[in-house]
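Here the structure comes first, spelled out in C-alpha cells, and everything after it is commentary.
Just follow the structure's listing: the first ligand is 1, and inside any ligand the first atom is 1.
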Amino acid sequence: MPTGDIAIVGAGFSGAVVARELARAGYTVTIFEARDHIAGNCHTFRDELTDVLVHAYGPHIFHTADEEVWAYVNQFSTFEPYVNRVKAVVQNKVYSLPINLHTINQFFGTCLSPVEARALIDTKADRTIASPVSFEDQAMRFVGSELYEAFFKGYTQKQWGVAPSELPADLLKRLPLRFNYDDNYFNHPHQGMPTHGYTRLVGNILDHDLITTHLSTSFSRDLVSDFHHTFYTGPLDGYFDYSLGVLGYRTLEFEAHRAEGDFQGNAVINYCDADTPWTRITEHKHFSPWEEREGTIYFKEFSRLFEVGDIPFYPIRLVSEKELLGKYVELAKQQANVSFIGRLGTYRYLDMDVTIREALDAAATFISHDRTETRQPNFFVNPL
Ligand code: FAD
Ligand code: UDP
C-alpha cells in the first residue's frame, strides 16, 4: 500500500517513467519541472514558420535492444521506422559514418573487399596497445592514426574541450567499425521516431489521475520534508548548490537557420576538422521523413564548457573528477528520503532507453522496499 505522497524533480524520461509506475501502484505524485515544458532534453516542438518538428536540445533517435523498454514506449506513442545515417565532412570531402567499408574505400581511394579492408586496417591499427585507457589509445588500436586524426581527433577535441588522450576509452566504444556497407549508426534491433515527437510521448506517460505536473517550478531541498519520498533527476552537484565544486559538463549552443527546400540532404552531418567551429549540422525535417514540408530549419551545434546557469548536456567524467563525484555521492547517501536517478542525478552519459530501463527498475525497487518499510536506496545504480 502507498504510504505517502511522492515528489519527483524533473519531467524528463526518468521523472516521467518513475511517476507513471508509482501512480500505477497507487501513489499520489507531484512533479516539479523548472522549465516551461515536459520531456527534459528530449523535448520536441513545431517550428512556427516551417511546421517542422524540432528536437529542441539536439537530435534524439530512439534505439534499443531492450524488449521491455521498446514495448513500454510503444504503449505511449506509435513509432515511425527511422534509421540514423550520418555523414562526415573532413577537409571538404563527404564520408560515410560510422566507419564502414565505404568510408575506408573513400578515405584511402581504394576498392577493397571486406577481407582486404580488414587486412588494411590490421596494418594501420596499433595492436600493441593491449588495454586502451584513453579515447586516443582506443582509437589508435581500433583504426590507426590516419582515420583517428581525420574522423575523431578534431571532433572529439571540439565536443569535449579536452585532448582525446584525457578522455576515457569507453566513449569510442559507442561507435561501431564495420567491414561492409552497412551505414546504420546504431547496432540495436529497434530504432525509430515517435510519430508526434517525444514531448507528446512523455505527455502520454504523465497522463494519469494521480500525477500533477508543475511547470516553471524549481524544487528546493527544503521541500523534501513535505513528502514521503523525493526522486531527484536534476544535476547531482546542483542539488547541493555546487557547494563542493562544479562537476564538469559540456553545454551546447544551437544556431538556427531557415531556408526553402532541402539544405543538406540528410538529418545529421558531422564536421570533423578542428578548425570548423561547429561539431555538426542537423536538419530536422529529415528526422520526420513521413512528413512533407516545403521550408526547412537547420542548426549548427557548438559545444562549450558548462557554467552554473547553463543547461548541463553531457557529463564529462574525466578520471580526475572521480574524487569530487565520490564526495557528492557520499553527501547524497546521507540524505534521508531522497533518491538520485537519471543522466544528471547519477552524472552518467545515458541514452534514452537506458534511462527508461533504470527508471522502471528504480520504481520497482522503491515499491518493494516501501512494502517492507526498508530505507530506500539513494542510488539504484552506482554512479562511480
Ligand atoms: P533530462 O532530460 O535532463 O531531464 C531532467 C529534468 O530535470 C529537466 O527537464 C530539468 O529542467 C529538470 N530539473 C533539473 N533540476 C531541477 C530542479 N531543481 N527543479 C525542477 N526541475 C529540475 N539518447 C538517445 O537514446 N538517443 C539519442 O539520439 C540521444 N541524443 C542526444 C543528444 C544530445 C545533444 C543529448 C544532450 C542527449 C542525447 N541523448 C540521446 C540522451 C537523452 O537526452 C537522455 O538519455 C535523457 O534526456 C535523459 O533523461 P532524464 O530524465 O534523465 O534527464
Ligand atoms: N565522435 C567523433 N567523430 C564523429 C562522431 C563521434 O570523434 O564524427 C566521437 C566523439 O568524441 C563523440 C563520441 O565519438 O562524443 C560518441 O559519438 P556519438 O555519436 O555517440 O555522440 P552523441 O550522439 O552522443 O553526441
Side-chain angles (χ1 to χ4, degrees), residues 7-18 31-43 55-64 69 82 84 86-90 95 97-99 103 135 138-139 147-148 150-160 162 164 167-168 170-176 185-186 188 191 193 198 202 214-221 223 231-236 238-239 241 249-252 254 268-272 279-280 282 287 299 301 303 311-316 341-346 348-356 358-359:
I8 293 186
V9 185
F13 265 115
S14 299
V17 169
V18 170
I31 302 187
F32 298 81
E33 172 51 63
R35 298 181 195 177
D36 62 3
H37 60 77
I38 58 168
N41 277 359
C42 306
H43 174 49
H55 297 207
Y57 302 94
H60 279 74
I61 298 102
F62 200 93
H63 55 98
T64 189
V69 166
Y82 185 85
N84 195 27
V86 176
K87 304 292 172 226
V89 173
V90 177
Y95 296 93
L97 272 190
I99 294 181
T103 327
F135 184 101
Q138 176 71 22
L147 291 168
Y148 162 61
F151 292 98
F152 300 125
K153 193 174 177 184
Y155 188 99
T156 298
Q157 174 77 44
K158 289 190 289 186
Q159 172 74 357
W160 297 98
V162 289
L167 288 163
D170 280 6
L171 195 54
L172 187 60
K173 291 182 187 154
R174 287 172 61 84
L175 301 182
Y185 204 70
F186 303 115
H188 286 154
Q191 189 173 166
M193 287 288 188
Y198 292 98
V202 173
H214 298 288
L215 295 179
S216 306
T217 309
S218 281
F219 183 86
S220 63
R221 289 201 306 264
L223 290 171
F231 287 86
Y232 176 82
T233 77
L236 175 59
Y239 185 84
D241 302 321
Y249 294 94
R250 300 297 285 176
T251 192
L252 299 177
F254 298 95
V268 184
I269 301 193
N270 289 358
Y271 285 79
C272 300
T279 49
R280 56 186 173 183
T282 51
F287 289 126
F299 296 86
E301 189 172 320
S303 170
I311 296 175
F313 281 86
Y314 292 98
I316 305 178
I341 60 168
R343 180 148 150 140
L344 302 173
T346 62
R348 287 171 310 138
Y349 191 175
L350 302 182
D351 281 331
M352 290 180 276
D353 62 327
V354 182
T355 301
I356 293 167
E358 291 190 357

Which of the atoms of ligand 1 are close to [X], meaning less than 4.0 Å from one of its heavy atoms?
X: F32; value: 20 (C), 21 (N)
X: G234; value: 14 (C), 15 (N)
X: T355; value: 45 (O), 48 (C), 49 (O), 52 (O)
X: Y57; value: 34 (C)
X: E33; value: 6 (C), 7 (O), 8 (C), 9 (O), 10 (C), 11 (O), 12 (C), 20 (C), 21 (N)
X: L344; value: 3 (O)
X: T217; value: 20 (C)
X: C42; value: 43 (O), 46 (C), 47 (O)

F62 near ligand 1 by a heavy-atom separation under 4.0 Å | no

In the structure I gave you, are the side-chain heavy atoms of [X] and [Y] within less than 4.5 Å of one another anywhere?
X: Q138; Y: K173; result: yes
X: Y57; Y: L252; result: no
X: V202; Y: C42; result: no

If you count the non-hydrogen atoms of other residues, nucleotides and ligands that lie under 6.0 Å from NZ in K158, is the total more than 12?
->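 Counting other residues, nucleotides and ligands, NZ of K158 exceeds 12 neighbours.
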
Report the member of [options] with the shortest heavy-atom distance to [atom].
atom: atom 30 (N) of ligand 1; options: P59, P312, G345, G40; value: P59
atom: atom 50 (P) of ligand 1; options: S14, S216, A7; value: S14
atom: atom 20 (O) of ligand 2; options: K158, E301, K173, R174; value: R174
atom: atom 17 (C) of ligand 1; options: I38, V268, V9, V17; value: V9

Any N or O of L350 closer than 3.5 Å to N or O of ligand 1 | yes

Could you tell me whether some N/O pair between F13 and ligand 1 is separated by less than 3.5 angstrom?
-> yes

Among all protein heavy atoms, pick the one closest to [atom] and tell me residue, atom and distance.
atom: atom 33 (C) of ligand 1; result: Y314 OH, 3.5 Å
atom: atom 7 (O) of ligand 1; result: G10 CA, 3.2 Å
atom: atom 19 (N) of ligand 1; result: F219 N, 3.0 Å
atom: atom 38 (C) of ligand 1; result: H60 NE2, 3.2 Å
atom: atom 1 (P) of ligand 1; result: N41 N, 4.0 Å

Who pairs with F254 by ring pair (Phe, Tyr, Trp, His ring centres under 6.0 Å), at least two apart in sequence or on another chain?
-> none

Whether F151 and Y95 hold their rings parallel, tilted or perpendicular, with breakpoints at 30° and 60° = perpendicular

Where does the angle between the aromatic ring planes of F32 and F219 fall among parallel (under 30°), tilted (30 to 60°) and perpendicular (over 60°)?
->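 Perpendicular, since the angle between the ring planes exceeds 60°.
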
Distance below 4.0 Å between atom 21 (N) of ligand 1 and any protein heavy atom?
->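 Protein heavy atom within 4.0 Å of atom 21 (N) of ligand 1: present.
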
